[in-house]
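Structure first, then comments.
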Amino acid sequence: MASSTSSIGRDASVRQFWQDVDRAVDARGALLTAFDQMAALVRDFHTQQAQARGDERQWRAGVTATWATHVATGDCGCGTVVVGRWTGQGTRALREELRMTVHDFARYLGVVPVTVSGWEHRHTSTSPATMAAQAALDETLTLADSNAKARFLLLLDTPNHDG
């Protein structure tokens with residue numbers, strides 16, 4: 001069976017395979033229909049992923065522009081700052097905006113310094129992983145004054161900031 005390419009640049013040989021199998025087992029188009037439905041779902045999923053990435057880029061650009069304006073005018077507007085999920089970068093930014101060392105921040109949160117260090121050095125969305133740790137960081141940010149919250153947001157906006 002020769003490989004063919006569809007008009008959108010995808011390899012059509014997989015569809016041809018399912019068409020041949022459907023015919024060979026006399027499935028009366030059921031296998032080909034199922035394959036086409038699955039392919040449509042995959043296309044929709046990729047479209048949704050691309051849209052979500054675009055939305056995220058636009059949101060980040062808007063947040064950056066908004067915070068640049070607040071910094072320029074001296075008005076942070078930081079009554080409430082919400083973090084969806086704490087990451088290593090977010091944890092480090094919170095500690096730094098409070099002007100605390102790893103040791104002091106750990107003591108403040110009631111954990112050992114190696115725990116804070118571990119959180120900060122993982123750049124995944126699962127650090128810190130426990131709900132209790134997430135809640136402790138939320139509470140710490142909530143209690144911070146508006147200047148500290150503004151510093152926190154600026155630190156999050158600064159890629160690879162040095163502490």
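Please read these numbers as outputs of a predicted model, since none were measured by experiment. The first residue of the sequence shown is numbered 1, and numbering continues consecutively from there.
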Legend entry - Between Asp20 and Gln16: side-chain donor-acceptor atoms closer than 3.5 Å: yes
Inset, instruction - Quick one: do Leu137 and Leu109 satisfy side chain to side chain contact (heavy atoms under 4.5 Å, CB included)? Show the steps, please. - result: CA-CA 8 Å; Leu137 295 170; Leu109 293 174; 3.8 Å; yes
Legend entry - Cluster check Leu31, Met38: I/L/V/M/F/W/Y, side chain < 4.5 angstrom: yes
Inset, instruction - With sequence neighbours left out, write down each residue that passes side chain to side chain contact (heavy atoms under 4.5 Å, CB included) with Ala106, or none if nothing qualifies. - result: Val111, Pro113, Val116
Legend entry - Listed once per pair and sorted, the side chain to side chain donor-acceptor pair (under 3.5 Å) pairs that draw on residues 103-112, sequence neighbours left out: Thr101-Asp104, His103-Arg107, Asp104-Arg107
Inset, instruction - Drop me the distance from Arg15's CZ to Asp22's CG, to the nearest 0.5 angstrom. - result: 10.0 Å
Inset, instruction - Test Arg23 against Leu32 for side chain to side chain contact (heavy atoms under 4.5 Å, CB included), laying out the working first. - result: CA-CA 9 Å; Arg23 197 173 316 120; Leu32 189 58; over 6 Å; no
Legend entry - Euclidean distance, Thr47 OG1 relative to Arg43 CZ, rounded to 0.5 Å: 8.5 Å
Inset, instruction - Working to the nearest 0.5 Å, report the span between CZ of Arg92 and CG of Leu155. - result: 9.0 Å
Inset, instruction - Check the hydrophobic clustering (I, L, V, M, F, W, Y; side-chain heavy atoms under 4.5 Å; chains of links allowed) and say if Val14 and Phe45 are grouped together. - result: no
Inset, instruction - Rounded to the nearest 0.5 Å, what's the gap from CG on Leu143 to NZ on Lys149? Could you check? - result: 8.5 Å
Inset, instruction - Quick one: pull up CD in Glu120 and OG1 in Thr87 and give me the separation to the nearest 0.5 Å. - result: 10.0 Å
Legend entry - CA sep, side-chain torsions, deciding dist, call: Thr91, Phe105, side chain to side chain contact (heavy atoms under 4.5 Å, CB included): CA-CA 10 Å; Thr91 303; Phe105 192 56; 4.1 Å; yes
Legend entry - Arg151 side, atom CZ; Leu98 side, atom CG - distance, nearest 0.5 Å: 7.5 Å
Inset, instruction - Say whether Trp18 and Val25 are linked into one hydrophobic cluster, either directly or through other cluster members, by side-chain heavy-atom distances under 4.5 angstrom. - result: yes
Inset, instruction - Could you pull out the closest heavy-atom pair between Arg95 and Met100, with the gap in Å? - result: NH1-O, 3.0 Å
Legend entry - Non-neighbouring partners of Phe152 that pass ring-ring contact (aromatic ring centres under 6.0 Å, His included), sequence neighbours left out: Trp86
